[in-house]
Amino acid sequence: MKSVGNLSPNTSLLFICDVQSKFENHIFKFNGVVGQSKYMIKICNELKVPIIFTEQYPKGLGHTVEDLLKERNENNQSKIFEKTLYSMCTNEVLNHLKQNHKDLKSILITGIETHVCVLQSTLDFLENGYDVHILSDAVSSNNNNDRLIALERMRQSGAFITTTETITFHLTRDAKHKTFKNIVPLSQERREYLLANPSSSLSKL
């Protein structure tokens with residue numbers, strides 16, 4: 001039976017793709033990517049979903065923006081991998097997943113650029129048997145057209161195109177979840193930020 005994309009914190013992992021300082025002035029609504037990625041890091045910290053950050057040639061392009069790195073929780077198995085391959089699905093990353101996350105089924109992705117690193121990562125992870133969930137309001141490219149075409153391309157290949165809020169409540173599933181009281185304020189904070197800063201929103205496809 002083809003996967004329908006159900007999620008569990010115990011079998012999921014969040015990838016933050018190349019959200020680096022040098023890209024700030026070259027990416028469509030970069031602040032929106034940072035804001036939604038930061039929100040997802042907080043959610044994953046609450047749910048103990050592991051997080052992997054990748055950095056594309058950091059020697060030349062800088063490191064992950066500090067606003068995201070400061071949310072890292074070492075108890076949450078967060079790791080940073082440097083790469084030159086556009087795809088995040090490098091041999092080093094795959095070996096890490098197979099050795100440390102043997103029950104992994106679902107990969108959640110935020111970051112940049114949608115039509116390059118995110119797209120190629122998605123295809124590679126799909127070929128390796130993982131479900132891939134693209135958080136559409138947390139990925140971007142140098143222009144919105146490339147972003148939108150890439151989202152459709154990934155959908156055609158079998159990825160699940162979703163949003164940060166959808167993922168949040170899919171992972172928790174029940175208002176009785178032990179983290180519910182911590183999750184709801186984070187979700188409300190996110191909504192209030194987007195209302196106050198509509199120009200940063202990537203919600204509209």
Side-chain angles (χ1 to χ4, degrees), residues 13-45 49-74 76-97 100-101 107-128 130 132-154 157 159 161 164 193 197 199-203:
L13 188 148
L14 174 66
F15 273 83
I16 309 289
C17 183
D18 307 350
V19 186
Q20 293 159 252
S21 54
K22 286 290 181 69
F23 292 120
E24 182 172 0
N25 297 320
H26 304 283
I27 298 297
F28 176 69
K29 297 192 176 182
F30 183 81
N31 287 342
V33 175
V34 173
Q36 297 308 301
S37 296
K38 183 176 180 178
Y39 165 76
M40 278 311 304
I41 292 170
K42 291 179 178 180
I43 294 297
C44 288
N45 285 342
V49 173
I51 302 170
I52 286 178
F53 298 79
T54 64
E55 296 179 341
Q56 180 72 18
Y57 187 57
K59 182 178 179 180
L61 297 172
H63 293 286
T64 302
V65 296
E66 185 60 32
D67 208 27
L68 299 184
L69 288 180
K70 70 183 182 182
E71 299 296 337
R72 287 182 71 201
N73 183 339
E74 291 301 333
N76 200 31
Q77 306 180 59
S78 69
K79 297 276 291 182
I80 299 176
F81 289 91
E82 298 181 4
K83 64 187 181 68
T84 57
L85 194 71
Y86 294 138
S87 174
M88 295 186 288
C89 190
T90 63
N91 288 335
E92 185 182 13
V93 168
L94 275 179
N95 288 336
H96 173 77
L97 296 182
N100 299 281
H101 303 285
I107 287 175
L108 322 175
I109 298 180
T110 78
I112 58 178
E113 287 188 77
T114 319
H115 67 297
V116 185
C117 298
V118 172
L119 171 60
Q120 293 184 34
S121 300
T122 296
L123 300 182
D124 288 344
F125 284 131
L126 287 170
E127 284 192 331
N128 276 276
Y130 298 107
V132 180
H133 299 253
I134 305 299
L135 283 62
S136 62
D137 54 343
V139 295
S140 194
S141 297
N142 60 350
N143 65 78
N144 197 36
N145 186 59
D146 280 340
R147 170 180 169 267
L148 295 177
I149 295 299
L151 288 172
E152 180 57 28
R153 171 71 173 83
M154 290 184 283
S157 297
I161 309 303
T164 54
Y193 173 82
N197 300 275
S199 63
S200 70
S201 175
L202 286 156
S203 295

Atom pair [atom1] ([X]) and [atom2] ([Y]), whose distance is rounded to the nearest 0.5 Å:
X	Y	atom1	atom2	value
Leu108	Ile134	CG	CD1	9.0 Å
Glu55	Leu69	CD	CG	6.5 Å
Ser21	Glu66	OG	CD	10.5 Å
Asn143	Glu113	CG	CD	8.5 Å
Leu119	Tyr86	CG	OH	13.0 Å
Ile27	Asn142	CD1	CG	6.0 Å

Is there a donor-acceptor pair closer than 3.5 Å between any side-chain N or O of [X] and the backbone N or O of [Y]?
X	Y	result
Arg147	Leu202	yes
Arg72	Ile41	no
Glu71	Lys42	no
Ser141	Thr114	yes
Ser201	Asn197	no
Ser140	Phe30	no
Gln20	Gly62	yes
Gln56	Thr84	yes
Lys38	Asp67	no

So [Y] and [X], do their side chains get closer than 4.5 Å, heavy atoms only?
X	Y	answer
Val19	Val34	yes
Asn45	Ile51	yes
Met88	Ile109	yes
Lys83	Cys117	yes
Lys79	Asn100	no
Leu135	Gln36	no
Val132	Met154	no

If you take all heavy atoms of [X] and [Y], which pair is closest and at what distance?
X	Y	value
Ser157	Leu123	OG-CD2, 3.5 Å
Glu92	Glu82	OE1-O, 4.3 Å
Thr54	Phe15	CG2-CD2, 4.4 Å
Ser87	Thr90	O-CG2, 3.6 Å
Ser37	Gly111	OG-N, 4.5 Å

Distance alone, cut at 3.5 Å: any donor-acceptor contact between the side chains of Thr164 and Asp137? yes
Is the count of non-hydrogen atoms from other residues, nucleotides or ligands lying under 6.0 Å from Tyr193 atom OH greater than 12?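 Counting other residues, nucleotides and ligands, OH of Tyr193 exceeds 12 neighbours.
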Should we count CG of Asn91 as having more than 12 external heavy atoms under 6.0 Å?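 Not buried by this count: 12 neighbours or fewer within 6.0 Å.
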What is the ring orientation for Phe125 with Tyr130, classed by angle as parallel under 30°, tilted 30 to 60°, or perpendicular over 60°?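 Rings of Phe125 and Tyr130: perpendicular, as their planes differ by over 60°.
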